[in-house]
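Structure record follows, encoded as structure tokens.
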Amino acid sequence: MAKKEKKQETPVEEVVEEVAEAVEVNPFEEKYNAEHDARLRLAAEYENYRKRTAVEKESSYANGKADTIEKFLPVYDNLSRAMAQETADAAYKKGVEMTLNELVKILTAMGVEIIGQVGDQFDPNLHNAIMHTEDESVEENTITQVFQQGFKMGEKIIRFAMVQVAN
């Protein structure tokens, strides 16, 4: 019979085997380390959950606020149209003006900004260009007419401004 030849190990492999044999793993220490690791992971998951829900809560409040403001925008539009109409009744015009000013004051207090003024530079992130005009007396990409005001709250656009852009 042929003798089985033992595979010759390198000195590094021999040292690793000797160290592995010499080190006895304490089963209690192993169990402790596993439990400790599991508890650390659980604590980290909970912290991530807490942060995520806080962000979701804040964004849901902001979204609800923006949705509510959006429902009031037709009132703003109608009051603006009423202000633009000529009338002989000064008291009526003053009442409409006061109502519009109060609505703008409330919107401003809620952090809403009116966007889209004549003379502003066109920004596709804020404005919706529905018309184009050629006018050499105005710079390129300048808003020449506003058909509907836009509104934004912080970085959130509630409604894009509908505008006419020159050149």
Side-chain angles (χ1 to χ4, degrees), residues 12 29-167:
V12 173
E29 188 176 336
E30 188 175 294
K31 185 175 180 181
Y32 169 79
N33 288 339
E35 286 293 323
H36 182 70
D37 185 51
R39 294 198 192 287
L40 285 177
R41 289 179 190 274
L42 183 63
E45 285 178 23
Y46 176 72
E47 183 66 21
N48 289 339
Y49 167 76
R50 191 182 62 74
K51 288 178 183 177
R52 186 175 58 248
T53 55
V55 168
E56 287 173 359
K57 180 181 175 185
E58 182 65 31
S59 69
S60 67
Y61 175 74
N63 289 339
K65 188 173 162 184
D67 289 344
T68 303
I69 290 168
E70 187 175 16
K71 302 286 190 233
F72 282 98
L73 295 184
V75 174
Y76 174 87
D77 294 337
N78 289 335
L79 289 171
S80 295
R81 284 187 209 103
M83 283 296 298
Q85 296 300 316
E86 293 296 323
T87 181
D89 189 357
Y92 169 78
K93 187 160 184 100
K94 182 69 175 170
V96 171
E97 181 181 4
M98 288 172 59
T99 306
L100 180 62
N101 289 340
E102 190 64 29
L103 180 60
V104 169
K105 190 187 323 178
I106 291 169
L107 292 174
T108 304
M110 294 180 74
V112 177
E113 180 183 345
I114 299 173
I115 55 176
Q117 304 296 329
V118 173
D120 288 351
Q121 285 295 310
F122 175 73
D123 181 358
N125 297 320
L126 303 174
H127 309 113
N128 184 8
I130 59 173
M131 288 183 70
H132 174 69
T133 185
E134 293 293 330
D135 188 354
E136 298 303 321
S137 65
V138 181
E139 288 184 38
E140 189 174 336
N141 288 332
T142 301
I143 297 173
T144 56
Q145 189 175 359
V146 178
F147 298 107
Q148 190 177 48
Q149 292 290 323
F151 296 85
K152 78 176 195 171
M153 186 175 63
E155 295 300 313
K156 182 176 179 59
I157 304 298
I158 298 172
R159 181 173 79 185
F160 291 91
M162 285 195 238
V163 297
Q164 177 182 30
V165 181
N167 305 328

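If you read the sequence from its start, that first residue is 1, and numbering goes on from there.
Annotation: side-chain hydrogen bond (donor to acceptor under 3.5 Å, both in side chains) contacts involving residues 68-93, sequence neighbours excluded, comprise D77-Q148, D77-R159, N78-R81.
Considering every non-hydrogen atom in both A166 and T144, the closest pair reads CB-CG2, 3.5 Å. The two residues A161 and G116 make their nearest non-hydrogen contact at CB-CA, 3.9 Å. The two residues V96 and A82 make their nearest non-hydrogen contact at CG1-CB, 3.8 Å. Closest approach of P124 to F160, counting heavy atoms only: O-CE2, 4.3 Å. Scanning both residues, V165 and N141, for their nearest heavy atoms gives CG1-CA, 3.7 Å.
With sequence neighbours excluded, no residue forms a side-chain hydrogen bond (donor to acceptor under 3.5 Å, both in side chains) with E56. In this structure, the side-chain hydrogen bond (donor to acceptor under 3.5 Å, both in side chains) partners of S137, at least two apart in sequence or on a different chain, are D135.
Atom CD of Q149 and atom CD1 of I114 lie 6.0 Å apart (nearest 0.5 Å). From N128, atom CG reaches atom CD1 of I157 across 12.0 Å, with rounding to the nearest 0.5 Å. Taken to the nearest 0.5 Å, the CD atom of E35 stands 11.5 Å off from the CG atom of L40. Within the model, atoms CG of N101 and CE of M83 stand 7.0 Å from one another, a figure rounded to the nearest 0.5 Å. The distance from the CD atom of E29 to the NE2 atom of H36 is 12.0 Å, given to the nearest 0.5 Å. Note that the CG atom of L79 and the OG1 atom of T99 stand 6.0 Å from one another [nearest 0.5 Å].
Taking the six-membered ring where tryptophan is involved, the planes of Y46 and Y49 are tilted, since the angle between them lies from 30° to 60°.
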Next on the checklist: Between M98 and E102, is the side-chain contact (heavy atoms from CB on, under 4.5 Å) condition met? List the steps.
Outcome noted: CA-CA 6 Å; M98 288 172 59; E102 190 64 29; over 6 Å; no
Next on the checklist: Let's go through N63 and K156 carefully: what are the C-alpha distance in whole Å and the side-chain angles of both, what is the deciding distance for side-chain contact (heavy atoms from CB on, under 4.5 Å) to 0.1 Å, and is it a yes or a no?
Outcome noted: CA-CA 9 Å; N63 289 339; K156 182 176 179 59; 3.6 Å; yes
Checklist entry - For F147 and I130, what are the C-alpha separation, side-chain angles and deciding distance, and is it a side-chain contact (heavy atoms from CB on, under 4.5 Å)? => result CA-CA 9 Å; F147 298 107; I130 59 173; 3.4 Å; yes
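Environment of CD in E155: sparse, with no more than 12 heavy atoms of neighbouring residues, nucleotides or ligands closer than 6.0 Å. In the displayed structure, Q121 atom CD is contacted under 6.0 Å by more than 12 heavy atoms of other residues, nucleotides or ligands.
Within the 3.5 Å criterion, the main-chain N or O of M153 finds no donor-acceptor partner in the side chain of K65.
Between E136 and N167, the closest side-chain pair of non-hydrogen atoms falls below 4.5 Å.
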